Asks: 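Structure below; questions to follow.
Predicted, not measured: the structure shown is a model, and the values here were computed from it.
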Amino acid sequence: MRRAYRYQPYRYQSELKFFGLPIVSIAYGPKGVEPMGVARGVFAFGDVAIGMFASGGISIGLISFGGLSIGAIGLGGVGIGILAAGGLAIGILGAAGGCAIGAIAVGGCAIGWQAFGGTAIRIPELFSTAIAYLPWR
């Protein structure tokens, strides 16, 4: 079996497919004209991973893990999605992390409709305070 070593590109795609996508796709390192590996599959792992379950430096998928993760559930350094967790988490419904932005936000700096954490900024209170200080009132 070939092993992926540091500084050596590695590519793998399973022959079994699901809706035209390989079940497992792995792509690390530069190869040919590609500056980084792009993996596309149901389970995708690589420098850039795109799939239902994605893990990589940049990951896009239903459930994604990585440095920058975008998906329904995004977990990583920067997590973006319906539910997100990470150093910077931006979630439509919920977010948890160092800086969390979402309808329900939990974190050191939390901004949301319901916010909990070190510095919690609740959107309804923010709007009511801003309206109270309007110059034409």
Asks: When rounded to the nearest 0.5 angstrom, what is the spacing between CG in L126 and CD1 in I121?
Replies: 7.0 Å

Asks: Going only through I, L, V, M, F, W and Y residues with side-chain contacts under 4.5 Å, is there a path from F18 to V24?
Replies: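 In one cluster with F18: V24, yes.
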
Asks: Is the side chain of S14 donor-acceptor paired with the backbone N or O of P22 at a distance under 3.5 Å, no angle test?
Replies: no

Asks: Quick one: pull up CD1 in I73 and CG in L83 and give me the separation to the nearest 0.5 Å.
Replies: 5.5 Å

Asks: Tell me whether I101 is reachable from F127 by hopping between hydrophobic residues (I, L, V, M, F, W, Y) whose side-chain heavy atoms are closer than 4.5 Å.
Replies: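 In one cluster with F127: I101, yes.
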
Asks: In Å, rounded to the nearest 0.5 Å, how long is the span from CD1 of I23 to CD of Q13?
Replies: 11.5 Å

Asks: Does R11 reach the main-chain N or O of A39 with its side chain, forming a donor-acceptor pair under 3.5 Å?
Replies: no

Asks: Where is the tightest heavy-atom contact between S55 and A49, given as atom of each residue plus distance?
Replies: O-CB, 3.5 Å

Asks: Report the distance from atom CD1 of I63 to atom CZ of F53, rounding to the nearest 0.5 Å.
Replies: 4.5 Å

Asks: Is M52 linked to I26 within one hydrophobic cluster, defined over Ile, Leu, Val, Met, Phe, Trp and Tyr using a side-chain heavy-atom separation of less than 4.5 Å?
Replies: yes

Asks: Stepwise, does the side-chain contact (heavy atoms from CB on, under 4.5 Å) test hold for F116 with R122?
Replies: CA-CA 9 Å; F116 308 96; R122 294 176 182 83; 4.3 Å; yes

Asks: How long is the straight-line distance from CG of L88 back to CD1 of I80, given to the nearest 0.5 Å?
Replies: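 With rounding to 0.5 Å, CD1 (I80) is 7.0 Å from CG (L88).
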
Asks: Between the side chain of S59 and the main-chain N/O of S64, is any donor-acceptor distance below 3.5 Å?
Replies: no

Asks: Can you measure from OG (S128) to CD1 (I123) and round to the nearest 0.5 angstrom?
Replies: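 The distance works out to 11.0 Å.
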
Asks: Is there a continuous path of hydrophobic side-chain contacts, each under 4.5 Å between heavy atoms, that joins F45 to L75?
Replies: yes

Asks: Under a 4.5 Å cut-off applied to non-hydrogen side-chain atoms, are I70 and I58 in contact?
Replies: no

Asks: So that I know where these two stand, are Y10 and Y28 an aromatic pair - ring centroids less than 6.0 Å apart?
Replies: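 For Y10 and Y28, the ring centres are not under 6.0 Å apart.
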
